[in-house]
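All chains are named by letter (A, B, ...) in the order of the sequence lines, taking the proteins before the strands, and each is independently numbered beginning at 1.
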Amino acid sequence: MDDIFKRALSGQSLFSNRDALSSDYIPVRLPFRENQIIGIGEILSPILHGSRPSNLLLYGKTGSGKTAVARYVLRRLKGAAAEQGIDVNICYVNTRFAGTEYRVLSNLAEALNLKIPFTGLSAGEAFARVESAVDASKSNVVMILDEIDFLVSNYGDDIVYELTRVNERLNPSRVSIIGISNDLRFKELLDPRCLSSLSEEEMVFSPYTANELKTILAERAAAAFYRGAVDEAAIGLCAALAGSEHGDARRAVDLLRVSGEVAERETAPRVEEKHVRAAVQRIERDRMVEAIRSLPLHAKLVLLSVLTNGVSASTGEIYQRYAKQCRRIATEPLTQRRISGLLAELDLLGLVSANLVSQGRYGRTKKISSLTPIDTCKEILSEDSTLGSLLT
DNA sequence: CGTCCACAGGAATGACGGGCGG
DNA sequence: CCGCCCGTCATTCCTGTGGACG
């Protein structure tokens, strides 16, 4: 332990500023997004002479810089407005992290320095409070609704619609909305009345190319690591791995950070390609471990049933097995309908693969097979004391 | 060419633990 | 303390369906 601290103190650490690789870091420069930055700046600039800017919709796949660009421009705008004595409030909410309609509202309220109990109010009441907070602020409020496609596809467009209409009732406060969507077909989900007011302006973010990723990573690396602490080949590999997916910059940056941590832990003098490869494994494993750990009991039981069932099995077979496991630990099994739902969730988490197959005369079912290494999986499941006796 | 299997997956509903304002 | 509303998880009931079998 002393050694670790000593090394950290004596400057053996590879990171000079690890935060530069964290997910909510907004870099000083956003290469390859100049056009979007200027475009959004122009769209929002009416704020500076006291009128309401158009609402705006940003499209693009994950890690294409939408969020970073939006936050970057708003930060600059806020600064410029402050010089003019204009008050700008920025509310950023990631609707998927927020989870529910209600929590989106509560996050918006929080950004306006309004405390809303995390449960207990009706959605209407919560909305009214947000609105009155906006009113009371007597300022320009810009709301960024990140991953807005999640909100709309799960909870409908009521909130979005109401938010776009708030301006009709408020004076002098003004609300403008920046919606950010990962789903390019998002517009189809939206009611036309809502669409026209939300997407007064639109902007598409195309994925970064592998070369662009490389430049971006090099800049981040320069900010985050000491000089010479990262091999250029390692950066190239990070970029290539993330680029082969769809140019996801967030993934690339995460990968680089974890690579750095791996290298640091083995006290390597610099980050090399092998550390990147190890990082890929670690990220995947961590994701899996975390996913399994946070599973509720019955989902774990279902997962266990899938694991112990050889290559692949139908929903019905899994259910039989699951019910048996339940009896062994004296737990009331859930219904098959529910298990079907849990299997779908496990599929979504990537812990299990479920494929719909039709066997004609012999019905239609999902063929379920495990995607996770059985041993690691059991190891994590065995942390749950209620499952202990099932794992021998 | 229709039947009918073995489920998928939507909708409505309810139990539960929690917090609200009065 | 009450009546109300919340989100979450689960149940019940339901309609839908691809294709081998007859």
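With C:dT17, C:dT11, C:dA20 as the choices, the nucleotide that has an atom nearest any side-chain atom of A:Arg364 turns out to be C:dT17. Set against C:dA10, C:dT11, B:dA6, the side chain of A:Thr335 has C:dT11 as its closest nucleotide. The A:Leu334 side chain lies nearest to C:dA10 when the options are C:dC21, C:dA10, B:dC7. Closest to the side chain of A:Thr315, out of B:dC7, C:dT12, B:dC4, is B:dC7. Here the side chain of A:Ser358 is nearest to one of B:dC5, C:dG19, B:dG9, namely C:dG19.
To the nearest angstrom, C1' of B:dG9 lies 15 Å from CD1 of A:Ile339. In this entry the distance linking CG of A:Leu105 with P of B:dG19 reads 19 Å, nearest Å. Counting to the nearest Å, the C1' atom of C:dT11 and the CG atom of A:Leu342 are 13 Å from each other. The interatomic distance linking A:Leu356 (CG) with C:dG19 (P) rounds to 10 Å, in whole Å. Distance, A:Gln336 CD to C:dC9 P: 21 Å, rounded to whole Å. Protein atom CD of A:Glu345 is 13 Å distant from nucleotide atom P of B:dG9, rounded to whole Å. Distance NZ (A:Lys366) to P (B:dA6): 18 Å, rounded to an integer number of Å. For the pair A:Gln359 CD and C:dG19 C1', the interatomic distance rounds to 10 Å; values are reported in whole Å.
With a 6.0 Å cutoff to the six-membered ring centre and a 45° limit on the axis angle, A:Arg33 does not count as a cation-pi contact of A:Phe205. The cationic atom of A:Arg18 (NZ for Lys, CZ for Arg) does not lie both less than 6.0 Å from the six-membered ring centre of A:Tyr25 and within 45° of the ring axis.
Looking at which nucleotide of DNA chain C each of A:Tyr362 and A:Pro333 is closest to, the 5′-most match is held by A:Pro333. Residue whose closest nucleotide on DNA chain B sits further toward the 5' end, between A:Ala344 and A:Arg361: A:Arg361.
In this structure, A:Arg338 reaches the C:dA10 phosphate: one of its side-chain N or O atoms is under 4.0 Å from OP1 or OP2.
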Worked verdict on A:Glu266 versus A:His275 for side chain to side chain donor-acceptor pair (under 3.5 Å): CA-CA 10 Å; A:Glu266 45 181 79; A:His275 300 125; 3.0 Å; yes

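The pair A:Asp384-A:Lys300 counts as a salt bridge, with a side-chain nitrogen and a carboxylate oxygen less than 4.0 angstrom apart.
Between the A:Lys66 side chain and the A:Ile180 main chain, no donor and acceptor come within less than 3.5 Å of each other.
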